[in-house]
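This report refers to the structure that appears directly beneath it.
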Number of protein chains: 2
Amino acid sequence: MTEIVVPTDAREETRARIEQAALDLFTAQGFEAVTIDEVADAAGISRRTFFRYFGTKADAVWGDFDGHVVRLEAMLAATAGSQSVLASICAAYVEVNDYDDAALPTLRQRMRLILTEPALLAHSQVRYGDVDRVVAAHVARRTGVPPDALVPRLVATSTRAAATTAFEMWLADVRLPLARALHDAFDELAAGFPSLR
Amino acid sequence: MTEIVVPTDAREETRARIEQAALDLFTAQGFEAVTIDEVADAAGISRRTFFRYFGTKADAVWGDFDGHVVRLEAMLAATAGSQSVLASICAAYVEVNDYDDAALPTLRQRMRLILTEPALLAHSQVRYGDVDRVVAAHVARRTGVPPDALVPRLVATSTRAAATTAFEMWLADVRLPLARALHDAFDELAAGFPSLR
DNA sequence: GACCGTAGTGACACCGAGTGCCACCGGCAA
DNA sequence: TTGCCGGTGGCACTCGGTGTCACTACGGTC
């Protein structure tokens, strides 16, 4: 059993170095074409050590996604009861994805890989499952139905579908702000696709 | 390069035998716990031959999903222009999943694996991408916007999310007909989640 | 200073998925 | 019979991922 160790001071620097090396190599040559040995070499560590920082090859692309989910959960819990459930989810998604400009290039790099490379797209389903559970729990809390009932599950999966689509639109158009893309997608969804008449 | 060969008469029987062996072993012991060698042994073929029928271990679970997508596409094309776009997608989903009772146990087995086993859940994302493209093209045709615009993409991903959720509800409740589960989910989605007020 | 435990690392061996290559066997046409 | 050809099995190899062990560095404790 391989343990992912708790990050300490200097350790975080190594982790960041591996992550950046992986991101750069994957972007340049494609995810499948790069071996773990090459990433490890580029980061100045051994192959075995790579797996002490990231459980799988795909994990190196996702950064601290667990933290991301935890933040989303906190933001959902902090939303005002006065706004609609869908609006609260949209607000949380926007807030949790409110990166400052310096972080945007890396985010683009990350998301382009995740949405483009089949192996990473596949892996994303597992990660998004965590998001769905958090959102479904929020909807269940707000509506008073069990989290595994139709509406919480459906709201969770379809809002996540909306967020993913928003990311795709954001990726395709450099001038479209992420928050705007998210709002556009959520507005369509919340209104039952009014543009379809 | 391994080619997936065209099915001929007796060949299809071997394929079915491998598929059933795989389904049974995966159900009994879990997807990860079963090796290709074991599936090959159970099906009376060699490991190498397994990969001549199925490109990956996961593919053995999916059956003829490409044909499924082709049928969905045909049904979308055949829907009446008089009903709403969402209704036409729902109708196509219901029709393409209208299995006769004898096929239901295998479908349950298949879907339980796909929705339960992380590796298969991951693989599903790639398969669903094909579905999304077909649905987005249909929406684009009906609305006159490009298939990579927001609405076609969003409708494709969120209807697929609805269908997946419907499958989950169907799996969890033996007495719920699949068509009913699909309609319930699509109704919620089309109305912008009225139960959220 | 010698003695510890502990965290991080590298090296090695191993497993399983997937692929390329070649040799074999059956049927079938010339 | 000969030669071709589709399907197959065996083999070797790559690569992702895991368990194990030995080495080093460091921070106390006596």
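Note on naming: letters A, B, ... go to the chains in the order of the sequence lines (proteins, then strands), and numbering restarts at 1 for each one.
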(request) Using side-chain contact (heavy atoms from CB on, under 4.5 Å) as the criterion, list what pairs up with A:A119, not counting sequence neighbours. (result) A:F31, A:E32
(message) According to ring pair (Phe, Tyr, Trp, His ring centres under 6.0 Å), does anything in residues 166-197 of chain B pair up with another residue at least two apart or in another chain? List the pairs.
(response) B:Y93-B:F186, B:F167-B:W170
(message) Using only modelled atom types and a 3.5 angstrom limit, is any donor from either the side chain of B:R48 or the base of C:dG20 paired with an acceptor on the other?
(response) yes
(message) Per the side-chain hydrogen bond (donor to acceptor under 3.5 Å, both in side chains) rule, what does the pair list look like for residues 101-116 of chain B, sequence neighbours excluded?
(response) B:E19-B:R110, B:D24-B:Q109, B:T27-B:Q109
(message) With a 4.0 Å cutoff (strictly under), does any side-chain N or O of A:Y53 reach OP1 or OP2 of C:dG8?
(response) no
(request) Starting at atom CD1 of B:I18, determine the distance to atom C1' of D:dT8, rounded to an integer number of angstrom. (result) 11 Å
(request) Write down the distance between NE2 (B:H123) and C1' (C:dG18), rounded to a whole number of angstrom. (result) 14 Å
Pairs of donor and acceptor atoms involving the side chains of residues 76-86 of chain B, under 3.5 Å and at least two apart or interchain, shall be tabulated with distances.
residue	atom	partner	partner atom	Å
B:T79	OG1	B:L76	O	2.6
B:S84	OG	B:A87	N	3.0

(message) Once hydrogens and angles are ignored, does a donor-acceptor distance under 3.5 Å link the base of D:dG9 to the side chain of B:R52?
(response) yes
(request) When you get a sec, tell me which of C:dA17, C:dG10, D:dG17 is the closest nucleotide to the side chain of A:F51? (result) D:dG17
(request) Take atom CZ of B:F50 and atom C1' of C:dG16, then tell me their distance rounded to the nearest Å. (result) 13 Å
(request) For the residue pair A:R127 and A:W62, establish whether any side-chain heavy-atom pair is separated by less than 4.5 Å. (result) yes
(request) State which residues pass side-chain contact (heavy atoms from CB on, under 4.5 Å) with B:R133; sequence neighbours excluded, sorted by chain then number. (result) B:D130
(request) Send over the distance from A:F54 CZ to D:dT18 P, rounded to a whole Å. (result) 15 Å
(message) Expected output is a numbered-order residue list: members of residues 19-47 of chain B with a heavy atom under 4.0 Å from any atom of DNA chain D. What is it?
(response) B:I45, B:S46
